[in-house]
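The figures that follow rest on heavy atoms only: side chains count, while hydrogens, waters and symmetry mates do not. In the text below, chain A, chain B and the rest are named by the order of the sequence lines, each starting its count at 1.
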Amino acid sequence: MKLDLHTLGPLVALVALVILGAALNSAFLAPANITNVLARSAFIGLIAVGMTFVITAGGLDLSVGSMAAFLAGIAIIAMNAALPTTGLNWGTILVGMGVAVLGGIAAGYLNGALVTKARIEPFIVTLGTMGIFRSLVTWLADGGTLSLDYGLRTLYRPVYYSGIGWITWPIIVFAIVAILGEWTMRHSRFGRHVEAIGSNDRVARYSAIDVNRMRLLTYVLLGVLVGLAVVLYVPRLGSASGSTGVLWELEAIAAVIIGGTALKGGRGRVWGTVVGVLILSLIDNILNLADLVSPYLNGAIQGVIIVLAVVLQREKRTAEER
Amino acid sequence: MTVLALRNVSKSFGPIEVLHGVDLALEPGEVHALIGENGAGKSTIMKILGGFLDPTSGEILLDGQPASFASGPEAEARGIVVIHQEFNLAPDLTVAANVFLGREIGGWRLDHAAMRDATAALLKRLDTRIDPDARIRDLSVPDRQMVEIAKALSRKARVLIMDEPSAVLTHREVGALYAQIDRLRAEGVAILYCSHRLDEVAHLADRITVLRDGRVVRQALRGELTEDGMATAMVGRELQDFYPPKGQPGDQPALEVRGLTVPGRVRDVSFTLRRGEVLGIAGLVGSGRTELAEGLVGLRTSTGEIRVEGRPVAIRSLRDAFAAGLAYLTEDRKEAGLLLDKGLRENLTLATLERFGGWRLDTRAEDAALERATQEFDIRAPRRDMPTGKLSGGNQQKLLLAKVMLPDPRIILIDEPTRGIDVGTKRQIYAFIRKLAAEGRSLIVISSEMTEVIGLSDRVLVMREGRLAGELAGEDMTEDRIVRLAMGVTGEAA
């Protein structure tokens with residue numbers, strides 16, 4: 001691979017943030033802090049990897065945050081309902097995990113089918129389902145909070161809080177998914193087709209690629225990863241409410257863009273997305289650890305970074321044109 | 001006194017010169033018809049006159065003074081108005097809003113009533129019942145063309161340039177159009193009229209300019225040229241020694257098509273393609289040639305019976321076509337053929353990735369395939385990973401040919417094999433086509449270039465308005481005969 005500053009831009013920014021963090025607060029590099037940052041990144045990270053495929057194929061999904069809340073809600077309801085019959089054991093938790101992942105597949109299929117079969121703009125479709133999922137979880141929780149049974153919560157907790165040494169399960173899952181995602185985008189037929197569709201879907205169609213099926217698959221893949229994120233998220237708090245996962249969609253999209261994936265599609269970088277997710281969480285973390293800037297300005301700084309990333313991408317394009 | 005003239009105008013796109021020293025003079029009160037085959041340079045001339053293109057050399061004279069227009073609007077400000085084809089309207093605006101687009105009546109507050117009344121008056125003059133408040137989106141295609149004409153009439157035109165205004169009109173509307181043309185002529189407007197309909201040229205034009213290969217080959221006054229004479233002037237040229245010698249097609253049918261219909265585009269087309277044959281398909285742009293090919297390979301829904309080497313096949317997608325041994329090279333290289341922002345390798349193997357590994361793509365095998373393809377088709381690229389959009393048109397076309405040949409098809413449909421490429425590469429492509437036929441493959445070549453169809457093909461089918469208008473072979477395969485069939489002109493050459 002050719003190395004140039006534009007491609008490596010996000011990586012350079014990430015390294016700079018790590019150095020800045022270490023300089024500002026010695027606690028920054030402590031294993032506990034790193035574990036915390038990475039584990040919190042895992043939810044957005046899993047979703048952002050899926051989002052990379054959707055955006056690379058020329059799509060968009062605004063519904064993922066609401067979808068996560070909805071899936072968390074139905075997983076908790078399923079586990080609580082199964083508890084009397086299956087008992088307090090891992091079987092019950094597997095039921096919840098299954099509901100989250102299968103629900104993710106169904107929700108992703110719904111988005112993808114509306115985009116490809118009903119031929120509605122992805123922005124409109126997922127704006128609609130975003131509202132629907134959010135409203136459904138609020139309704140299921142009756143405006144309050146859905147809580148997992150206390151016994152189950154204790155049993156399930158280690159899935160978020162423990163792992164191999166200080167590397168917790170969410171970090172491990174995120175790493176595996178990121179590596180698989182990068183490999184799929186770069187070395188598989190599916191990844192090549194996804195890039196071709198986003199680059200020019202007419203060329204893809206004239207190359208005997210089933211454009212609609214591939215597009216649909218990207219949404220289903222994203223749905224699965226949202227389900228997986230929920231599986232790891234539920235043991236963290238053991239509850240879900242109407243305010244779960246708010247703005248996750250924007251963080252995921254921002255991470256994809258910061259990582260160098262073109263919003264118009266055609267060029268996907270999963271490793272870039274991973275770097276983008278880490279940049280966003282590090283900014284949050286550093287602002288919390290250092291007293292330099294109020295943590296309330298977190299959003300503003302993230303916004304500046306997003307715009308900067310896009311400006312850098314555009315400079316790259318004009319440089320290529322010359 | 002000439003209003004608008006071209007003096008010794010040439011125009012090049014990149015290295016290719018498409019107009020060579022054209023002289024043309026438009027006189028007030030005169031309808032001047034510009035005719036020629038597809039690609040003869042008519043639209044380039046119209047674009048230069050209308051201010052949308054600059055000539056590479058030569059002069060534009062307005063009232064005898066050299067003039068240059070920076071843009072279409074500037075030409076329009078000086079009285080030169082172009083009637084575009086119907087697809088240049090804003091579909092979501094109303095008829096009145098389109099007619100007055102850019103010259104709205106009223107200051108900050110638009111005077112809707114005045115614009116509506118003026119539009120209604122214009123439409124009445126054209127004898128149509130289009131509602132000025134209707135949205136363009138809701139109008140039929142002929143109605144849209146009438147709005148385009150009304151829009152041009154509303155400008156104070158001294159020169160009116162019409163680009164096939166009647167192509168989509170019904171008989172009644174054509175009558176209204178002719179009446180307006182007569183009125184404008186009487187008012188002293190100079191009119192340049194481009195058309196493929198020779199009968200209408202004979203009826204309307206006071207003066208005719210015939211264009212061939214970017215040159216003016218004939219100028220005539222009303223009555224000096226019959227329709228047949230026009231057709232002969234448009235095509236009359238010798239076949240250069242430019243094409244490889246033809247082969248000997250076998251007798252076995254490779255592809256039999258019976259009653260192929262693509263709804264709204266192609267009706268009931270039947271033909272047989274023999275093993276080792278190059279079958280040309282000629283016809284005007286829009287005659288259904290491309291749609292026929294796309295219907296055959298499953299890119300468009302079609303009905304009809306298709307047999308490949310005697311066996312009936314059902315082709316509902318391009319995948320099915322590949323499986324049946326068919327391949328299609330699109331005419332739209334940049335929008336449907338190649339991913340211009342991707343490298344050569346990604347483009348070459350895009351349609352046949354399943355041959356390069358299962359889940360994991362075998363990049364090494366892809367590189368080997370690219371190596372073979374660059375050798376076989378003489379593709380010249382400074383770098384393998386450069387975006388294909390940076391390649392010359394000729395190298396893009398050779399890469400596209402290599403991509404289409406990768407599944408090893410027995411029957412190859414090539415749509416416009418040499419559009420927008422230089423002469424040297426053209427000859428190479430002709431040689432490739434002949435070589436493929438000599439290998440026992442069968443080819444269908446669709447082309448708007450008359451000499452190409454004749455020079456390459458063993459036999460030619462001519463299409464007109466979605467149907468087969470005729471089949472020509474051997475001695476009968478002349479430009480004259482093809483043009484007559486394509487335009488529906490009967491009778492013998494003048």
Between B/T363, B/T330, B/L338, which residue shows the highest count of heavy-atom pairs closer than 4.5 Å to chain A?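 Counting heavy-atom pairs under 4.5 Å, the top option is B/L338.
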
Atom [atom1] of [X] and atom [atom2] of [Y]: how far apart are they, to the nearest 0.5 Å?
X      : Y      : atom1 : atom2 : value
A/N200 : B/K334 : CG    : NZ    : 12.5 Å
A/I209 : B/L318 : CD1   : CG    : 10.0 Å
A/D201 : B/E335 : CG    : CD    : 9.5 Å
A/S207 : B/Y328 : OG    : OH    : 12.5 Å

Heavy-atom neighbours of A/R213 CZ exceed 12 at 6.0 Å: no

Taking atom CZ as the centre, does A/F190 end up with more than 12 heavy-atom neighbours from other residues, nucleotides or ligands that are less than 6.0 angstrom away?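 More than 12 within 6.0 Å, yes.
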
With side chains defined as the heavy atoms from C-beta onward, is the minimum distance between A/R189 and B/F356 less than 4.5 Å? no

Taking the side chain as everything from C-beta on, heavy atoms only, tell me whether A/S199 gets closer than 4.5 Å to B/K342.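 Yes - at least one pair of side-chain heavy atoms lies under 4.5 Å apart.
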
Would you tell me whether A/Y206 and B/E294 have side-chain atoms, one donor and one acceptor, within less than 3.5 Å of each other?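 Short answer, yes.
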
Quick check: closest heavy atoms across A/V203 and B/K403, and the distance to 0.1 Å? CG1-NZ, 4.2 Å

Report, by ascending residue number, the residues of residues 345-355 of chain B in heavy-atom contact with chain A at a distance under 4.5 Å; give 'none' if the set is empty.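 Heavy-atom contacts from residues 345-355 of chain B to chain A are B/R345, B/E346, B/T349, B/L350, B/A351, B/L353, B/E354.
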
Is a side-chain N or O of A/R202 found less than 3.5 angstrom from the main chain of B/A336, in a donor-acceptor match? no

Would you mind checking which part of B/D332 comes under 4.5 Å of any heavy atom in chain A, side chain (CB onward), backbone (N, CA, C, O), both or neither? side chain

